[in-house]
Amino acid sequence: MAFSEEQIIKIANEKYHQGLATFDYSATNSALLVIDMQDEFVKPGWTSSWIPEATRQVPKIKALIDFCRLSNVPVIYTVFSKTHEFLDRPQSGSFMPNRFPELGSDPSWFTHGNIWQDLKPEAGEIIIHKSSYGAFFDTPLETILRNMKKETIIISGTLTNCCCGATARQGYERGFNIVMGADVTATYTEEMQTAELNALRFAFAKVQHSEEIMRTLASNR
């Protein structure tokens, strides 16, 4: 059987924009990741890394967190902080354009990893202190999820096209089912958001809005 170029491109384009992964998930086998919703990214104007859309999404993320807590879905947080005197970072990081050196920096930024006040963890919830974009890189996250017997990771937080996307890809490569929250992940612009969600939708994750996620968790307990 031969396939034309037009057939292949048409199907690929449809999957990129509208594809939906076919795995199922439930409250029993899922965990929620809240990626880097810390002061440096969420507190308005405090650092050059502020993501205005992340600030606007706080109520939706809080609603998803509260729903997961009521549904016995573990909530796991990640933050950038000062780990190992900053010697555990990928060395090429300082060369990347996303650091905005023209806006200046402050040594107090990304030191303590304080989670934004409206999204504070409850007692017993885990906080992963990470040193790069993906939450699996040099962290115990995979071991924690395996010990919890969780197969599906629901991703919220920021930045969609850096830390959230890297975590989705790393999770996929480790055999987890990935659910990407379309309206509870944030980056700088709609263009960046759409491009990353389409890339993840095509090959790595089930992309859904938070209301769809909560409906699924509620119906599959």
Side-chain angles (χ1 to χ4, degrees), residues 9 12-21 32-65 77-80 89-90 92-105 109-110 113 115-116 118-119 128 130-137 153-173 176-213:
I9 297 303
N13 195 48
E14 289 173 352
K15 302 297 185 182
Y16 177 76
H17 288 97
Q18 301 166 4
L20 186 68
L32 173 66
L33 291 188
V34 182
I35 304 288
D36 299 352
M37 290 297 287
Q38 61 192 82
D39 290 350
E40 285 84 355
F41 293 120
V42 183
K43 184 177 180 179
W46 184 47
T47 76
S48 60
S49 297
W50 176 40
I51 311 298
E53 183 61 23
T55 308
R56 288 189 283 269
Q57 286 186 358
V58 165
K60 282 190 175 182
I61 295 175
K62 179 65 162 57
L64 181 57
I65 290 171
Y77 293 80
T78 76
V79 292
F80 274 122
R89 275 56 177 160
S92 58
S94 61
F95 302 117
M96 297 299 110
N98 66 348
R99 305 308 164 101
F100 304 164
E102 63 270 30
L103 297 180
S105 63
W109 298 346
F110 298 106
I115 295 165
W116 181 241
D118 295 336
L119 302 175
I128 301 286
K130 63 189 182 68
S131 59
S132 190
Y133 302 136
F136 288 92
F137 175 76
I153 305 167
I154 302 164
I155 294 179
S156 65
T158 198
L159 280 72
T160 309
N161 55 333
C162 288
C163 303
C164 298
T167 299
R169 289 167 172 81
Q170 291 172 353
Y172 165 84
E173 290 169 345
F176 293 98
N177 295 327
I178 308 300
V179 177
M180 192 75 169
D183 59 335
V184 285
T185 54
T187 187
Y188 294 100
T189 68
E190 184 177 351
E191 178 187 14
M192 292 182 186
Q193 179 80 2
T194 300
E196 180 65 0
L197 290 180
N198 284 343
L200 293 173
R201 176 185 289 113
F202 185 71
F204 299 99
K206 177 176 282 190
V207 178
Q208 293 182 307
H209 285 76
S210 57
E211 289 188 358
E212 296 175 285
I213 294 170

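We're numbering straight along the sequence, starting at 1. When reading the values below, keep in mind they use all heavy atoms of this one structure, side chains included, and skip hydrogens, waters and symmetry mates.
- Across all their heavy atoms, Val184 and Ile155 have their closest contact at CG2-O, 4.4 Å.
- To the nearest 0.5 angstrom, Gln38 atom CD is 10.0 Å from Thr158 atom OG1.
- Proximity of a side-chain donor or acceptor of Gln170 to a complementary backbone N or O of Phe136 within less than 3.5 Å is detected.
- Not one N or O on the side chain of Tyr172 forms a donor-acceptor pair closer than 3.5 Å with the backbone of Leu200.
- Applying the side chain to side chain contact (heavy atoms under 4.5 Å, CB included) rule to Pro101 yields the partners Arg99; only residues at least two apart in sequence or on another chain are considered.
- Minimum interatomic distance between Ala186 and Ala54 (heavy atoms only, all atoms of both residues): CB-N, 3.5 Å.
- Residues satisfying the salt bridge (charged side-chain N to carboxylate O under 4.0 Å, His left out) test with Lys60, not counting sequence neighbours, are Asp183.
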With side chain to side chain contact (heavy atoms under 4.5 Å, CB included) as the criterion, how do Phe204 and Ile178 come out once you've worked through the C-alpha distance, each side chain's angles and the decisive distance to 0.1 Å?
CA-CA 7 Å; Phe204 299 99; Ile178 308 300; 5.9 Å; no

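- Considering all non-hydrogen atoms of both residues, Thr187 and Glu53 come closest at O-CB, 3.7 Å.
- Rounded to the nearest 0.5 Å, atoms CE (Met180) and CD1 (Ile213) are 10.0 Å apart.
- Remark: Phe137 pairs with no residue by the ring-ring contact (aromatic ring centres under 6.0 Å, His included) rule, at least two apart or across chains.
- Side-chain contact between Val58 and Met37 is present, with heavy atoms from C-beta onward closer than 4.5 Å.
- Glu211 CD: 12 or fewer foreign heavy atoms inside a 6.0 Å radius.
- Residues forming a salt bridge (charged side-chain N to carboxylate O under 4.0 Å, His left out) with Lys62 (at least two apart in sequence, or on another chain): Asp66.
- Taking Asn13 as the reference, His17 meet the side chain to side chain contact (heavy atoms under 4.5 Å, CB included) condition, with sequence neighbours excluded.
- Applying the salt bridge (Lys or Arg N to Asp or Glu O under 4.0 Å) test to pairs two or more places apart or on separate chains, those with a residue in residues 32-50 are Asp36-Lys130.
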Set out, in order, the CA-CA distance, both residues' side-chain angles and the distance that settles side chain to side chain contact (heavy atoms under 4.5 Å, CB included) for Ile154 and Gln208, then state yes or no.
CA-CA 10 Å; Ile154 302 164; Gln208 293 182 307; over 6 Å; no

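- Applying the salt bridge (charged side-chain N to carboxylate O under 4.0 Å, His left out) criterion to Arg169, with sequence neighbours excluded, gives Glu196.
- Shown here for Thr78 and Ala135, the closest heavy-atom pair between the two residues is CG2-CB, 3.8 Å.
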Could you go through the side chain to side chain contact (heavy atoms under 4.5 Å, CB included) check for Tyr77 and Ile65 one step at a time?
CA-CA 11 Å; Tyr77 293 80; Ile65 290 171; 3.8 Å; yes

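- Between Ala182 and Val207 the shortest heavy-atom distance is CB-CG1, 3.9 Å.
- The salt bridge (charged side-chain N to carboxylate O under 4.0 Å, His left out) test applied to Arg89 returns no partner, not counting sequence neighbours.
- The closest donor-acceptor contact from the side chain of Thr55 to the backbone of Pro44 lies at 3.5 Å or more, if one exists at all.
- Side chain of Thr185 to backbone of Ser156: no donor-acceptor contact under 3.5 angstrom is found.
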Quick one, Asn161 with Gln193, criterion side chain to side chain contact (heavy atoms under 4.5 Å, CB included). Give me CA distance, side-chain angles, the key distance, then yes/no.
CA-CA 7 Å; Asn161 55 333; Gln193 179 80 2; over 6 Å; no

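- Here Thr189 pairs with Glu191, Met192 under the side chain to side chain contact (heavy atoms under 4.5 Å, CB included) rule; sequence neighbours left out.
- Surrounding CD of Glu14 are more than 12 heavy atoms belonging to other residues, nucleotides or ligands, all under 6.0 Å away.
- Going from atom CD1 of Ile35 over to atom OG1 of Thr167 covers 4.0 Å, rounded to the nearest 0.5 Å.
- The structure places NZ of Lys15 at 14.0 Å from CG of Asn198, a figure rounded to the nearest 0.5 Å.
- Qualifying ring-ring contact (aromatic ring centres under 6.0 Å, His included) partners for Phe41, counting only residues two or more places apart in sequence or in other chains: Phe110.
- Shortest non-hydrogen contact noted between Ser131 and Pro90 is O-CD, 3.9 Å.
- In this view, Tyr133 satisfies the ring-ring contact (aromatic ring centres under 6.0 Å, His included) rule with no residue, not counting sequence neighbours.
- With sequence neighbours left out, the ring-ring contact (aromatic ring centres under 6.0 Å, His included) criterion links Phe80 to no other residue.
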